[in-house]
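These notes concern the structure reproduced below.
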Amino acid sequence: MQSTARNISPARQPQNLHHSSTYVRPQTNLNTYHKVEVVAVFIAIAWCLLLATFVVASSVSASVAQNQLQAATEKVTKLKTKNSNAKQEISELSSRSRLESIAKDSGLTMNSKNVRNVTK
């Protein structure tokens, strides 16, 4: 007679065919994509900063050029005014009436035959 204890076998548990229920992605691909993304973002930020610096530098350059143009325009206006004043003075000093009065004061007379008009 055999012992009943020997006949009882432990209840079999179903075997799990999959060892793990989570999927592990390969680390190399994720790290490579992550590094590429970080480099791309860094390049984009650096490009934006470079463009912003260029815009500011251009604005400053334009402002300096505008100031120089304004100074040159002021100089030209002053010289035109001075030139106009000098022309007016020349016209007044060379007027016929003034020349006749100076000649009369000096005791000179005018002979119309000897007068010659010269124009520019």
Side-chain angles (χ1 to χ4, degrees):
M1 188 162 146
Q2 292 185 354
S3 157
T4 57
R6 287 185 191 169
N7 286 341
I8 300 175
S9 62
R12 291 189 165 201
Q13 295 178 349
Q15 290 183 346
N16 191 354
L17 297 177
H18 301 289
H19 292 43
S20 169
S21 63
T22 60
Y23 175 72
V24 177
R25 291 183 181 169
Q27 290 294 325
T28 56
N29 288 341
L30 180 62
N31 285 339
T32 303
Y33 289 127
H34 182 68
K35 288 177 184 177
V36 169
E37 288 174 351
V38 169
V39 169
V41 168
F42 177 76
I43 289 173
I45 290 172
W47 182 252
C48 288
L49 289 175
L50 180 69
L51 289 178
T53 303
F54 179 72
V55 168
V56 170
S58 297
S59 175
V60 168
S61 177
S63 177
V64 168
Q66 182 67 28
N67 287 340
Q68 289 175 346
L69 176 63
Q70 186 176 0
T73 304
E74 277 184 35
K75 276 183 167 180
V76 168
T77 303
K78 286 180 182 179
L79 287 175
K80 282 184 178 181
T81 303
K82 189 175 180 180
N83 193 18
S84 176
N85 290 342
K87 284 182 180 180
Q88 179 67 31
E89 186 177 357
I90 289 171
S91 177
E92 289 172 2
L93 292 175
S94 64
S95 71
R96 185 171 182 94
S97 61
R98 181 176 178 275
L99 291 176
E100 286 176 355
S101 92
I102 292 174
K104 188 177 183 181
D105 291 342
S106 300
L108 301 172
T109 60
M110 187 158 129
N111 188 354
S112 297
K113 292 180 184 177
N114 295 334
V115 175
R116 183 180 286 178
N117 290 335
V118 178
T119 60
K120 292 182 184 181

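It should be emphasised that the depicted structure is a prediction, and the values quoted were computed from it without experimental measurement.
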**Asked** Is there a side-chain contact between Glu92 and Gln88, using heavy atoms and a 4.5 Å cut-off?
**Response** yes

**Item:** Polar side-chain atom of Ser59 near backbone of Val55 as donor-acceptor pair, under 3.5 Å
**Value:** no

**Asked** Is Thr77 reaching over with its side chain to a backbone N or O of Thr73, donor-acceptor style, under 3.5 angstrom?
**Response** yes

**Request:** Could you grab the distance from atom OG of Ser61 to atom CD of Gln66, nearest 0.5 Å is fine?
**Result:** 11.5 Å

**Request:** Could you tell me the separation between the CG atom of Leu93 and the CD1 atom of Ile102, rounded to the nearest 0.5 Å?
**Result:** 8.0 Å

**Request:** State whether the side chain of Ser91 and the backbone N or O of Lys87 hold a donor-acceptor pair below 3.5 Å, judged by distance alone.
**Result:** no

**Prompt:** Rounded to the nearest 0.5 Å, how far apart are CD of Glu74 and CG of Leu69?
**Reply:** 10.5 Å

**Request:** To the nearest 0.5 Å, tell me how far Ser101 OG sits from Arg96 CZ.
**Result:** 12.5 Å

**Prompt:** Going from CG on Leu50 to CD1 on Ile43, what distance comes out if it is rounded to the nearest 0.5 angstrom?
**Reply:** 12.5 Å

**Asked** Would a hydrophobic clustering, with Ile, Leu, Val, Met, Phe, Trp and Tyr connected at side-chain separations under 4.5 Å, put Leu49 with Val41?
**Response** yes

**Asked** Quick check: does any side chain N or O of Ser84 sit under 3.5 Å from a backbone N or O of Lys80, one acting as donor and the other as acceptor?
**Response** no

